[in-house]
Amino acid sequence: MLRGLYNAAAGMVTQQRRHDTVTQNISNVNTAGYKQNDTVIRSFPEVLVSMIGGEPGNPRHVIGKLNTGVFAEESIALHLQGDLRETGQASDFAIVSELNVIDENTGLGMVFDGSGRHVGEDGEVTYRPQAFFTVQDNNGNLRYTRSGEFRVGPEGQVLTSAGFQVLGADNQPIVLTGGAADLTVNEQGFILDGAGNPTGQTLGVAVVSAPNDLVKEGNGLYRLNNEDGFRMLAAGDNVIIRQGYIEASNVDASKSMVELTAALRAYETNQKVVQFYDRSLEKAVNEIGRV
């Protein structure tokens with residue numbers, strides 16, 4: 001009888017984590033460059049239930065399958081292009097990317113679905129590569145971000161909103177000779193002087209081949225454990241830089257509210273099951289035990 005109690009408790013924990021993920025999405029609906037997280041829910045392996053001591057030839061020897069509950073396996077970020085919002089600030093930048101991948105089997109470009117996935121005929125899943133600004137954290141580590149809300153420091157450094165240094169294509173911090181008002185960047189990421197001539201510096205933009213391997217670190221930053229999982233932006237890549245814009249969060253607020261309500265209802269349902277088992281156990285201990 002307690003197995004149902006365990007299943008209901010596992011369901012409550014799963015829906016709580018789902019609720020937390022959706023709440024995080026809603027709280028970051030106005031955060032520049034934020035990518036929506038989706039909770040992946042999986043079931044524990046089913047077990048085959050059979051009679052103890054029954055005859056193997058009995059057609060009712062096998063009772064059936066028993067589900068052992070569910071769990072929230074992980075939260076996956078949805079790395080899709082967000083809408084652009086014009087700010088008019090010279091130090092704000094947005095990446096617009098639509099990178100393609102050639103299928104080795106067919107020689108044609110892969111077709112990605114609404115979640116940025118391509119499933120091959122053999123079942124192999126490929127995610128659309130994404131471009132990211134490269135920054136350096138306070139410990140000198142390479143990090144990635146889609147939030148282009150930059151600012152210019154007192155010594156000409158280009159910094160993120162959290163104070164991390166923005167890197168150039170040479171993986172060195174970008175240092176300007178003028179102020180933020182003199183900052184001009186073209187669509188290829190080249191930094192220009194007041195006359196429109198290249199300064200020799202370029203915004204560092206990295207292409208991550210498997211964006212779902214990125215790990216969130218807070219402050220809009222991601223880290224990549226696989227050092228071979230990225231390359232710097234190359235000529236011919238379908239990526240442009242828009243100055244004076246920022247990329248808005250790709251969170252769907254209306255969908256998130258629906259999912260929040262669904263998680264709450266599922267939690268309450270599992271809660272009622274737990275309460276039912278609690279009352280049944282109370283009767284078994286306090287009433288049946290008196291007979």
Side-chain angles (χ1 to χ4, degrees), residues 28 30-35 77 79 81-97 130-208 211 214-235 237 239-249:
N28 285 281
N30 292 320
T31 302
Y34 180 83
K35 300 304 176 184
H79 289 282
Q81 180 73 47
D83 296 332
L84 299 191
R85 186 168 73 244
E86 186 175 6
T87 64
Q89 298 291 329
S91 58
D92 286 342
F93 298 93
I95 295 176
V96 180
S97 65
Q130 296 293 337
F132 295 84
F133 295 112
T134 56
V135 302
Q136 181 176 279
D137 66 10
N138 294 329
N139 296 321
N141 299 313
L142 178 64
R143 295 294 182 261
Y144 309 90
T145 185
R146 289 283 291 206
S147 176
E149 287 184 308
F150 300 152
R151 59 185 175 86
V152 179
E155 298 180 0
Q157 319 99 314
V158 180
L159 307 172
T160 67
S161 57
F164 302 128
Q165 296 189 14
V166 179
L167 301 180
D170 57 356
N171 284 332
Q172 297 299 317
I174 297 176
V175 180
L176 305 176
T177 55
D182 301 326
L183 178 60
T184 304
V185 178
N186 64 12
E187 291 186 346
Q188 288 73 43
F190 294 107
I191 300 177
L192 311 177
D193 59 17
N197 300 314
T199 62
Q201 296 189 89
T202 307
L203 280 177
V205 177
V207 175
V208 179
L214 292 167
V215 181
K216 282 189 175 183
E217 286 199 340
N219 294 315
L221 299 184
Y222 297 88
R223 77 170 187 270
L224 187 63
N225 294 328
N226 181 13
E227 297 181 356
D228 298 328
F230 80 98
R231 61 175 176 82
M232 298 307 294
L233 191 67
D237 287 332
V239 177
I240 62 174
I241 308 298
R242 299 295 301 273
Q243 185 176 15
Y245 292 80
I246 59 174
E247 181 184 0
S249 165

Just do the ring pair (Phe, Tyr, Trp, His ring centres under 6.0 Å) check on Phe150 and Phe133 with the steps written out, would you? CA-CA 11 Å; Phe150 300 152; Phe133 295 112; 5.2 Å; yes

Once rounded to the nearest 0.5 Å, what's the spacing between atom [atom1] of [X] and atom [atom2] of [Y]?
X	Y	atom1	atom2	answer
Arg143	Asn138	CZ	CG	11.0 Å
Arg146	Leu214	CZ	CG	11.0 Å
Met232	Asp170	CE	CG	8.5 Å
Gln201	Gln172	CD	CD	10.5 Å
Ile174	Ile191	CD1	CD1	4.0 Å
Gln243	Asp92	CD	CG	9.0 Å

Which heavy atom of [X] sits nearest a heavy atom of [Y], and at what distance?
X	Y	value
Phe164	Gln136	CB-O, 3.4 Å
Ala206	Thr134	CB-CG2, 3.6 Å
Ser161	Arg151	O-NE, 4.4 Å

Is there a donor-acceptor pair closer than 3.5 Å between any side-chain N or O of [X] and the backbone N or O of [Y]?
X	Y	value
Asn186	Gln188	yes
Thr145	Gly220	yes
Ser249	Ala32	no

For residues Phe132 and Phe230, establish whether the separation of their ring centroids is below 6.0 Å.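 Aromatic pair excluded; centres sit 6.0 Å or further apart.
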
Hey, are the side chains of Val166 and Pro173 touching, using non-hydrogen atoms and a 4.5 Å cut-off?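 A side-chain contact is absent here, since even the closest heavy-atom pair is not under 4.5 Å.
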
For residues Leu203 and Leu233, determine if any side-chain heavy atom of one lies less than 4.5 Å from a side-chain heavy atom of the other.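 They are not in contact (no side-chain heavy atoms under 4.5 Å apart), so the answer is no.
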
Would you say that more than 12 heavy atoms from the other residues, nucleotides or ligands in this model lie under 6.0 Å from the CG of Asp83, or not?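 Atom CG in Asp83 is not crowded, with 12 or fewer foreign heavy atoms closer than 6.0 Å.
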
For side chain to side chain contact (heavy atoms under 4.5 Å, CB included), just list the numbers for Val205 and Ile95, CA-CA rounded to whole Å, side-chain angles, deciding distance to a tenth of an Å, and then say yes or no. CA-CA 9 Å; Val205 177; Ile95 295 176; 4.2 Å; yes

